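First comes the structure, then the notes that go with it.
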2 protein chains.
Amino acid sequence: MTWGTPRPERADAARNRELLLASARELLAESGPECLTMDLLAERSGLGKGTVFRRFGSRAGIFQALLDDAERDLQQQVLSGPPPLGPGAPPVDRIVAYGTARVRFLAEHHAVARATLDGRHAAGRRRPLSEIHLRVLLREVDLPGADIEVLAGQLAYALDGPLLLQLFAGPELAGPEPTARFEAGWRDLVERVCGVSGR
Amino acid sequence: MTWGTPRPERADAARNRELLLASARELLAESGPECLTMDLLAERSGLGKGTVFRRFGSRAGIFQALLDDAERDLQQQVLSGPPPLGPGAPPVDRIVAYGTARVRFLAEHHAVARATLDGRHAAGRRRPLSEIHLRVLLREVDLPGADIEVLAGQLAYALDGPLLLQLFAGPELAGPEPTARFEAGWRDLVERVCGVSGR
DNA sequence: GGCCTAACCGGACTTTACCCCGGTTAAGCT
DNA sequence: AGCTTAACCGGGGTAAAGTCCGGTTAGGCC
């Protein structure tokens, strides 16, 4: 008898989870991440504050959950969408396509992404989705002597870091101009790292 | 008449600044970053809480100031130390050497670096020192068609990100084993990006 | 259907970052 | 030295995150 899932989530708990996420999205759309407080979220959802913390652990945890939810779409496209983002294209092309998609994703959700870092009890840093996908794709490229684990981490941060910094600095310069530059920069970086022969 | 420096820092203010940084270092050494509260720091320094906030703006600001101070040493070595970290070596060698130095720096100061991110009013994200140095050095390498600004940002985050994530996860696995792996990974990445011909 | 227990819920409580503003003092000029 | 003013200092006040524990309820088992 194996305990893969120690206990299924109770039905009311799951309902409250969805309710809280929905309220959070509402508040976020109305007045931005700054104004989303735990008390307000609890009141808006008609629940107690203890419940909010039980579900998400911390303020940052809420934003993390929101971001995870949004990321699932991207993940689906990567796993089973059309190439070159999905399976079927050469790995280097897929890596480049992933970067483009990721840049757009971050540009769209930068407010939430930023808020996941907030707070003293920040949601335990997890290895980002990007790193896992990159690791898989990099293995398919012929890279003799490379430490794939480390390289995947490096590229994942090379992708997210500068863009987020940019989005931190200027509130709303998420226009097409700078993001296009990041997309081109990513393509260039990947081709340098993988060599043009990898495709 | 130019106002390069709008006003020199008042003598008492400068004294208090040093006093506060010294107290902060003490508290940090005694009981770790978690226990450093603004009230405690003010009391320990014999100053008011308002003064602490005036100097540093926020809790994260204190850690930022501490980190800046430590970074100045590294900066000195880069600007005027012996090669290959300092001037006089081929640019690619200097970039590799910088990575090694940076990895060790982060491993040593990871607690403070992490705390820099804490708090809702995090110290306004600045472009890290790494990015500026890398930009200068990359310009000296022949990289046709590269967007140096973007590339410098990418490499700066490729250097800091994975290491910090690692240090976040495990409290004290800052041993030589993982850092050596990051150092090797950095060398490999730089050589791939710059081509072996760049040196 | 009734019981048992573990998980859940609420909301009062504590802690802590951050704000504010009246009183004080350093620095420069005459 | 005396004056002016801008900057500094103190510490009480506020808001919001995170904790705790007694009461409640869902879901499995007989």
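So you know, we letter chains A, B, ... as the sequences are listed, proteins then strands, and number each from 1. Predicted model only: the values in this text are computed from it and were never measured. Heavy-atom basis, side chains included; hydrogens, waters and symmetry copies ignored.
- Note on A:Arg55: only backbone sugar-phosphate atoms sit closer than 4.0 angstrom, heavy atoms only; bases stay farther off.
- Distances shorter than 4.0 Å separate some side-chain N or O of B:Asn16 from OP1 or OP2 on D:dC9.
- Atom NZ of B:Lys49 and atom P of C:dT16 are 11 Å apart (whole Å).
- A:Met38 has its CE atom 12 Å from the C1' atom of D:dT19, to the nearest Å.
- Taking every side-chain heavy atom of B:Asp12 into account, C:dA26 is the closest of C:dA26, C:dC8, D:dG10.
- The distance between atom CZ of B:Arg17 and atom P of D:dA7, rounded to the nearest whole Å, is 16 Å.
- At whole-Å resolution of the value, CZ in B:Phe53 and P in C:dT16 are 12 Å apart.
- Rounded to an integer number of Å, the gap from CZ of B:Arg54 to P of D:dA7 is 11 Å.
- Checking the phosphate oxygens (OP1, OP2) of D:dG10, a side-chain nitrogen or oxygen of B:Thr51 falls inside 4.0 Å.
- Summary of the strand contacts: A:Leu47 and B:Arg59 both lie near DNA chain C, and taking for each the nucleotide with the nearest heavy atom, the more 5' one is attributed to A:Leu47.
- Base engagement by A:Arg10 is indicated by at least one non-hydrogen atom pair under 4.0 Å involving a base atom.
- Put simply, A:Arg15 has no side-chain N or O that comes within less than 4.0 Å of OP1 or OP2 on D:dA26.
- How far CZ of B:Arg17 is from CG of B:Leu20: 9.0 Å, rounded to the nearest 0.5 Å.
- A straight line from CG of A:Leu20 to C1' of C:dC9 spans 12 Å, rounded to a whole angstrom.
- Contact annotation for B:Ala11: backbone-only contact, meaning every heavy-atom pair under 4.0 Å involves sugar-phosphate atoms and none involves a base.
- Annotation: the span from A:Arg59 atom CZ to A:Thr116 atom OG1 amounts to 11.0 Å, rounded to 0.5 Å.
- Here the straight-line distance linking atom CG of B:Leu134 with atom CZ of B:Arg94 works out to 11.0 Å at 0.5 Å rounding.
- Regarding B:Leu36, its CG atom lies at a distance of 12 Å from the P atom of C:dC18, rounded to whole Å.
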(request) Could you please spell out the steps behind the salt bridge (Lys or Arg N to Asp or Glu O under 4.0 Å) verdict for A:Arg15 and A:Asp12? (result) CA-CA 5 Å; A:Arg15 220 179 319 122; A:Asp12 53 347; 5.5 Å; no

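- Rounding to the nearest 0.5 angstrom, the gap separating the NE2 atom in B:His110 from the CD atom in B:Glu108 is 9.5 Å.
- Between B:Leu19 atom CG and D:dC9 atom P there is a gap of 11 Å when expressed in whole angstrom units.
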